[in-house]
Amino acid sequence: MKHTAKQTTLRTLEDLHKALARKRPVTIHALKEEKDERGRKTGNLVETLRTLEIYDLTSTADGNILIHGMDRETGEDRAFRLDRLLAYTVHRIAYKIERPAPEADTERPEFAAEADFIAWEVARTDAEYWTEYLAETYPQQALAA
């Protein structure tokens with residue numbers, strides 16, 4: 001098990017991205033926010049151990065990186081913040097759970113250059129900006145607004 005305190009965030013992100021690309025499950029030891037009996041967050045962080053089949057890595061508007069995956073035990077969709085990851089293990093076995101169809105607002109166009117993807121990711125909270133930017137940069141791809 002790799003401990004995130006002993007490596008850089010970039011190294012952790014690279015390992016998770018490789019697991020995603022190779023479709024390898026990852027067991028994570030992470031902190032998650034506890035919920036009360038009504039399902040509301042309490043603000044307390046508790047440790048959890050989950051095996052995920054990662055299907056996406058995204059960022060939030062406030063700069064947190066999220067790991068999205070299907071929980072192998074329950075088959076449910078889960079998301080964990082990268083900064084709350086304590087340790088992880090990448091397995092050698094293949095994925096076995098179907099992931100849900102992506103939502104319309106999470107669809108990503110194909111990019112010719114890394115800079116275009118970065119511009120899209122940074123500006124994705126401003127739909128008007130990136131729709132206009134991509135329409136000018138990739139006129140052959142129609143994007144739903």
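All values derive from a computational prediction rather than experimental measurement. Basis for what follows: all heavy atoms, side chains included, without hydrogens, waters or symmetry-related copies.
- Asp36 places a side-chain N or O within donor-acceptor distance of the main-chain N or O of Arg40, the cut-off being under 3.5 Å.
- A distance of 12.5 Å separates CD1 of Ile67 from NE2 of His17, quoted to the nearest 0.5 Å.
- In terms of heavy atoms, Ala87 sits closest to His3 at CB-ND1, 3.8 Å.
- Here the OG1 atom belonging to Thr42 is positioned 10.5 Å from the CD atom belonging to Glu37, to the nearest 0.5 angstrom.
- Put simply, the side chain of Lys18 does not reach to within 4.5 Å of the side chain of Val90, judged on heavy atoms.
- Closest of all the heavy-atom pairs between Arg24 and Arg92 is NH1-O, 3.4 Å.
- Side-chain contact between Ile93 and Pro25: present, with at least one pair of heavy atoms (C-beta onward) separated by less than 4.5 Å.
- Using a 4.5 Å heavy-atom threshold, the side chains of Leu16 and Leu85 count as touching.
- To the nearest 0.5 Å, atoms CE (Met1) and CG (Leu86) are separated by 9.5 Å.
- When all heavy atoms are compared, the tightest approach of Arg11 to Thr8 is N-OG1, 3.0 Å.
- Here the side chains of Leu31 and Phe80 are not in contact, with every heavy-atom distance at 4.5 Å or above.
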Practice problem: Could you give me the CA-CA distance, side-chain angles and deciding distance for Tyr95 and Ile54, then say whether side-chain contact (heavy atoms from CB on, under 4.5 Å) is met? | Solution: CA-CA 9 Å; Tyr95 283 5; Ile54 299 172; 3.9 Å; yes

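- Side-chain contact between Glu53 and Arg72: present, with at least one pair of heavy atoms (C-beta onward) separated by less than 4.5 Å.
- Residue Lys32 is tested with Leu45, Asn44, Val46 for a side-chain contact (heavy atoms from CB on, under 4.5 Å); the sole match is Val46.
- Between the side chains of Thr4 and Thr12, no donor-acceptor pair is found at a separation under 3.5 Å.
- Shortest non-hydrogen contact noted between Leu66 and His68 is CB-NE2, 3.7 Å.
- Residues His29 and Glu47 meet the side-chain proximity criterion, which asks for heavy atoms closer than 4.5 Å.
- In the model, Thr60 has a side-chain atom that pairs as donor or acceptor with a side-chain atom of Asp62 under 3.5 Å.
- For His91, the NE2 atom sits in a packed shell: over 12 heavy atoms of surrounding residues, nucleotides or ligands are nearer than 6.0 Å.
- One hydrophobic cluster holds both Leu52 and Ile65 under the rule that ILVMFWY side chains link at heavy-atom gaps under 4.5 Å.
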Quiz item: Run the side-chain contact (heavy atoms from CB on, under 4.5 Å) check on Thr51 and Glu73 step by step: do they pass?
Solution: CA-CA 7 Å; Thr51 299; Glu73 184 177 333; over 6 Å; no

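- Atom CG of Asp71 is separated from atom CD of Glu76 by 7.0 Å, given to the nearest 0.5 angstrom.
- If you chain together hydrophobic residues whose side chains sit under 4.5 Å apart, Leu82 and Val26 fall into the same group.
- Transitive grouping of hydrophobic side chains (ILVMFWY, heavy atoms separated by less than 4.5 Å) brings Leu57 and Tyr88 into a common cluster.
- Closest approach of Glu33 to Lys41, counting heavy atoms only: OE1-CD, 3.5 Å.
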